[in-house]
Number of protein chains: 2
Amino acid sequence: MELVQIYECLCDRTRLRLLHLLTQGPLCVCHFQSVLREPQVKISKHLAYLRTRGLVTVTRRGNWMVYSLPEKPSRELAANLACLQDCAAEEPAFRQDLARLKKLAPAVEECGCAPK
Amino acid sequence: MELVQIYECLCDRTRLRLLHLLTQGPLCVCHFQSVLREPQVKISKHLAYLRTRGLVTVTRRGNWMVYSLPEKPSRELAANLACLQDCAAEEPAFRQDLARLKKLAPAVEECGCAPK
DNA sequence: AGACTATATTCCGCAAGAGGTATTTAGTTT
DNA sequence: AAACTAAATACCTCTTGCGGAATATAGTCT
């Protein structure tokens, strides 16, 4: 994958938030919805964008689609995700997302999307 | 500056090349032209894009406009430039740019744009 | 002042992407 | 099978950005 394609994926706020959350572990669309508080279609489309470019992977679990970062990300992707995680720690919006994700943790476990 | 705005600047191949070269030190437009081998208008417009967003600074030296990275880049910018430099080392196109820049080094010194 | 040089800007057409509404798909439950 | 659910896709409109041709600007040199 070319470096510029990674940056194309990172240059939208919603996608940044999605990827940032994924650094914490796999998540399904419904959880992105609760954390980002954005409409389903918006989230789905950005996940599709990331998926077609190989930045995330999906597996279906019943009705739920569980998104993850690739098992073996390229060096470039890994470096940039680390950088994102580092920088996000300083921007309130990202920290808020993380906080919401933590509060959601129990629900994530119960959800049909969670591996048993 | 918001993180996403940095990525907006990084999501174009020409701008990536420009910024990558600037990590080596200040340069004027004519040098970008010789290294990138792209038309002047294209380079100027991308530099303007970066300038208006604060990723580069300019000073005029006679007829030449000398571009640099900011003296005190934000933490986010610094981190991403470091990451870019690291990743670029693996992509041939960027390495070629660096090679061309080195061959150009004498010309850079002689050029009217160089500080005396 | 006039010619020249390096660079910036304007204007154009075009393509990509973002967001929304409506609809579809795929799986589950009863 | 019918109803239901989570998520994806299609279609639309609007905006942004890219690239190129032509032109403008600002400084230098004679």
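Letters A, B, ... are given to chains in the order of the sequence lines, protein chains preceding strands, and every chain is numbered from 1.
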With a 4.0 Å limit, can you tell me whether [X] has a side-chain N or O closer than that to the phosphate oxygens OP1/OP2 of [N]?
{"X": "A/Arg13", "N": "C/dA18", "value": "no"}
{"X": "B/His46", "N": "D/dG17", "value": "no"}
{"X": "A/Arg15", "N": "C/dG19", "value": "no"}
{"X": "A/Tyr49", "N": "C/dG19", "value": "no"}

Determine whether [X] and [Y] make a side-chain contact, defined as any pair of heavy atoms from C-beta on separated by less than 4.5 Å.
{"X": "B/His46", "Y": "B/Arg17", "answer": "no"}
{"X": "A/Asp86", "Y": "B/Arg75", "answer": "yes"}
{"X": "A/Leu55", "Y": "A/Leu81", "answer": "no"}
{"X": "A/Phe32", "Y": "A/Leu22", "answer": "yes"}
{"X": "B/Trp64", "Y": "B/His31", "answer": "no"}

In residues 32-40 of chain A, which ones come under 4.0 Å of DNA chain C, going by heavy atoms? A/Pro39
Under 4.0 Å between any heavy atoms, over every strand shown, what does B/Val41 touch: base, sugar-phosphate, or nothing? Just pick one. base
Without decimals, in angstroms, what is the distance between [X] [atom1] and [N] [atom2]?
{"X": "A/Met65", "N": "C/dT24", "atom1": "CE", "atom2": "P", "answer": "19 Å"}
{"X": "B/Leu18", "N": "D/dC18", "atom1": "CG", "atom2": "P", "answer": "11 Å"}
{"X": "B/Leu47", "N": "C/dT9", "atom1": "CG", "atom2": "C1'", "answer": "14 Å"}

Can you confirm whether more than 12 heavy atoms, excluding those of A/Arg53, are under 6.0 Å from its CZ atom? yes
Give the intermediate values and the outcome of side chain to side chain contact (heavy atoms under 4.5 Å, CB included) for residues A/Met1 and A/Glu76. CA-CA 9 Å; A/Met1 185 179 4; A/Glu76 292 85 1; over 6 Å; no
Comparing A/Glu8 and B/Lys45 on DNA chain C - which has the more 5′ nearest nucleotide: B/Lys45
Check step by step if side chain to side chain contact (heavy atoms under 4.5 Å, CB included) holds for A/Asp97 and A/Leu36. CA-CA 7 Å; A/Asp97 283 349; A/Leu36 301 201; 3.7 Å; yes
From the set C/dG20, C/dA6, C/dA8, return the single nucleotide nearest to any side-chain atom of A/Lys42.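 Closest nucleotide to the A/Lys42 side chain: C/dG20.
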Among the nucleotides C/dT7, D/dT9, D/dA6, whichever has the atom closest to the side chain of B/Trp64 is C/dT7
Quick one: does B/Arg95's side chain have a donor or acceptor within less than 3.5 Å of a partner on B/Ala89's backbone? yes
Quick one: on DNA chain D, does B/Asp12 or A/His31 contact a more 5' nucleotide (nearest heavy atom)?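 With B/Asp12 and A/His31 compared, the 5'-side residue is A/His31.
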Identify the pairs formed between an N or O of the protein and an N or O of nucleotides 25-30 of chain C at a distance under 3.5 Å, and give each distance.
residue: C/dG27; atom: N3; partner: A/Asn63; partner atom: OD1; Å: 3.4

